[in-house]
Amino acid sequence: MKLSRYFLPTLREDPADAQVLSHKLMLRSGMIHPTCHGIYSWLPLGLKVLAKLERIIADEQDKAGCHRILMPTIQPATLWRDSGRYDDYGKEMLRIKDRHGRDMLYSPTHEEVATDIMRQFLKSYKQMPLNVYQIGWKFRDEIRPRFGVMRGREFLMKDGYSFDVTKDAAVAAYKKVVISYLKTFERMGLKAIPIRADSGAIGGDLSHEFHVVADTGESEIFYDCEYDALSANTMSFDDIERIYSAADDKHDPANCQIPTEKLRTARGIEVGHVFYFGTKYSKAMGLSVVGRDGEAIFPEMGSYGIGVSRLVAAIIEANHDKNGIVWPASVAPFKFGIITASWQDPSIVDIAEDLYQKMITRNVEVVYDDREERAGVKFADMDLIGIPFQIVLGAKCNDGIFEWKDRRTGERMDLTLEALFNKVDENDDCKNFVKR
RNA sequence: CGGGAAGUGGCGCAGCCUGGUAGCGCAUCUGCAUGGGGUGCAGGGGGCCGGAGGUUCAAAUCCUCUCUUCCCGACCA
């Protein structure tokens, strides 16, 4: 992408309305545009990041054996009357009427629709275990939307629903999702702490929240430093049950088992929440299958959510510096950036154009700042929008030398074209993605 | 909804107290210069001062109402 032709409305100053850093940076880098209170349009740069997150989430879900579907945002009230939640769910649920006067709603969550689908599909215990998920928009008419997409009213969520024959199987499905979530967050460059939680409006008796550690997090969390050393790839659910973690409302310093020197205190942003709630919905909505002995079985269910649009903000909260966003490479809108330090030297522009074309041909995610601006402006914008790897073309590129800059470390090195492409390949996990 | 604050070119702000018909920085456009870390100079365009009503010869400025936004509380991915 050439920046001169891109739709990237960057701002030099923080909008006065934005309070938190991620919101300021998302507005300044032209990722989002506020459409009304708590409702945002996603501009090209922001949408690219959302798509990256979706891709990682979908990949991990698929690996965990879940099946992607897509459910409607507008739903009939009848389904919610079946589950008993139409009257229970408060003003967060946006209620509307269609032209025939039928009660409809913009869905805040999808347990009812998922259960309804399975009422049609699930006939036998042999069809389970089954786990379906979607990545779709939700609407919750929050009392007080704030912090940009961190707490918007309309938000993108990955929500999944599991159906199992027995409680043991359902709990196993639950544990599997928890582990896959940890892998998902780790791939986004995030440190996520699972914390035992109340199940709230969804109901049920087993629930975990996932908190991303960031200085500007909304809640205070406490956890054993052992989490720092663990990798999601080797972690088991037993580790999660064994290792201490709690949010501020649950943490009791007097009864905390672990020694204070091992206790970590941090701010956390809740980016995921999972529930096991048994037969609550299957019984209420009449979802049953035939068991081995011909008996009726109400599937044991769980639901699993990741706040995708909130994750964008959470990643920024956890990855920024004074110059702007510092995207982890796996979620960056563009992995590589090309900057010409002088646009008036035609040879440099030609070399930049050539390099850009070569990278495009290799299907590399690259943004080329071809604008007729001072180098300083280009550097500032590349840093603001958080491009992880930046290639700078100066006088030395006439001798075949390119400067490579790592946004995270600030490290710079001079490379030949061949070395440059090795470096590009080494850092281009898109190709690895496809291979896998 | 309760408690605070604020609405003035695209963005950030000043002007308001003490009414006289709008200004600065950034952005944008033009020209010249510049060319390795948010360039310099000069010139230009763009605002019925959130909206409605009132007071007044005269309202961005004073009064009333209203809408919107932000912060604190209850809610949550």
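A note on names: the letters A, B, ... follow the listed sequences, proteins ahead of strands, and every chain is numbered from 1. Given the structure is predicted, the values throughout are model-derived calculations rather than measurements.
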task: Using the six-membered ring wherever Trp is involved, compare the ring planes of A/Tyr89 and A/Trp80 and label them parallel, tilted or perpendicular (cut-offs 30° and 60°).
output: perpendicular
- prompt: Do A/Arg374 side-chain and B/G40 base share a donor-acceptor contact under 3.5 Å?
  reply: no
- prompt: Is any N or O donor-acceptor pair between the side chain of A/Arg151 and the base of B/C76 shorter than 3.5 Å?
  reply: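 Between B/C76 and A/Arg151, which were checked side chain against base, a qualifying N/O pair under 3.5 Å is present.
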Between [options], which one does the side chain of [X] approach most closely?
{"X": "A/Leu11", "options": "B/G36, B/C11, B/A77", "value": "B/C11"}
{"X": "A/Glu142", "options": "B/A77, B/U39, B/C26", "value": "B/A77"}
{"X": "A/Gln19", "options": "B/G37, B/G36, B/C70", "value": "B/C70"}
{"X": "A/Ala16", "options": "B/C75, B/C13, B/U39", "value": "B/C13"}
{"X": "A/Ile143", "options": "B/A74, B/U39, B/C11", "value": "B/A74"}

Residue-phosphate contact under 4.0 Å: [X] side-chain N/O, [N] OP1/OP2:
{"X": "A/His211", "N": "B/A77", "value": "no"}
{"X": "A/Arg144", "N": "B/C71", "value": "yes"}
{"X": "A/Arg146", "N": "B/C72", "value": "yes"}

Let's test this: given Watson-Crick or G-U wobble pairing with both distances under 3.5 Å, identify the partner of [N].
{"N": "B/G23", "result": "B/C13"}
{"N": "B/G73", "result": "B/C1"}
{"N": "B/G7", "result": "B/C67"}
{"N": "B/A60", "result": "none"}
{"N": "B/G40", "result": "B/C32"}
{"N": "B/G46", "result": "none"}

Distance in angstrom units between [X] [atom1] and [N] [atom2], rounded:
{"X": "A/Glu270", "N": "B/A77", "atom1": "CD", "atom2": "P", "result": "5 Å"}
{"X": "A/Asp159", "N": "B/C76", "atom1": "CG", "atom2": "C1'", "result": "15 Å"}
{"X": "A/Phe147", "N": "B/C76", "atom1": "CZ", "atom2": "P", "result": "16 Å"}
{"X": "A/Glu372", "N": "B/U34", "atom1": "CD", "atom2": "C1'", "result": "13 Å"}
{"X": "A/Asp17", "N": "B/C70", "atom1": "CG", "atom2": "C1'", "result": "6 Å"}
{"X": "A/Arg371", "N": "B/C29", "atom1": "CZ", "atom2": "P", "result": "11 Å"}
{"X": "A/Glu154", "N": "B/A77", "atom1": "CD", "atom2": "P", "result": "17 Å"}
{"X": "A/Trp137", "N": "B/A77", "atom1": "CH2", "atom2": "C1'", "result": "12 Å"}

Is NZ or CZ of [X] both nearer than 6.0 Å to the six-membered ring centre of [Y] and within 45° of the ring axis?
{"X": "A/Arg371", "Y": "A/Tyr6", "answer": "no"}
{"X": "A/Arg264", "Y": "A/Tyr223", "answer": "no"}
{"X": "A/Lys191", "Y": "A/Tyr227", "answer": "no"}

How far, in whole Å, is [M] from [N] if one measures between their [atom1] atoms?
{"N": "B/U18", "M": "B/U69", "atom1": "C1'", "answer": "30 Å"}
{"N": "B/G2", "M": "B/C75", "atom1": "C1'", "answer": "16 Å"}
{"N": "B/A42", "M": "B/U56", "atom1": "C1'", "answer": "43 Å"}
{"N": "B/G25", "M": "B/C72", "atom1": "P", "answer": "34 Å"}
{"N": "B/A60", "M": "B/G23", "atom1": "C1'", "answer": "12 Å"}
{"N": "B/G36", "M": "B/C48", "atom1": "C1'", "answer": "47 Å"}
{"N": "B/G10", "M": "B/G46", "atom1": "P", "answer": "12 Å"}
{"N": "B/G19", "M": "B/U61", "atom1": "C1'", "answer": "6 Å"}

- prompt: Across the strands shown, which category fits A/Val308 at heavy-atom distances under 4.0 angstrom: base, sugar-phosphate, nothing?
  reply: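 Contact class for A/Val308: none.
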message: salt bridge (charged side-chain N to carboxylate O under 4.0 Å, His left out), that's the test. Do A/Lys396 and A/Asp399 meet it? Break it down for me.
response: CA-CA 5 Å; A/Lys396 279 186 283 188; A/Asp399 302 325; over 6 Å; no
query: Any side-chain donor-acceptor pair under 3.5 Å between A/Asn323 and A/Arg407?
result: no
message: Consider side-chain hydrogen bond (donor to acceptor under 3.5 Å, both in side chains). Of A/Gln61, A/Lys158, A/Lys176, A/His273, which one does A/Tyr181 pass it with?
response: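 So, applying the side-chain hydrogen bond (donor to acceptor under 3.5 Å, both in side chains) to A/Tyr181 and each of A/Gln61, A/Lys158, A/Lys176, A/His273, only A/Lys158 qualifies.
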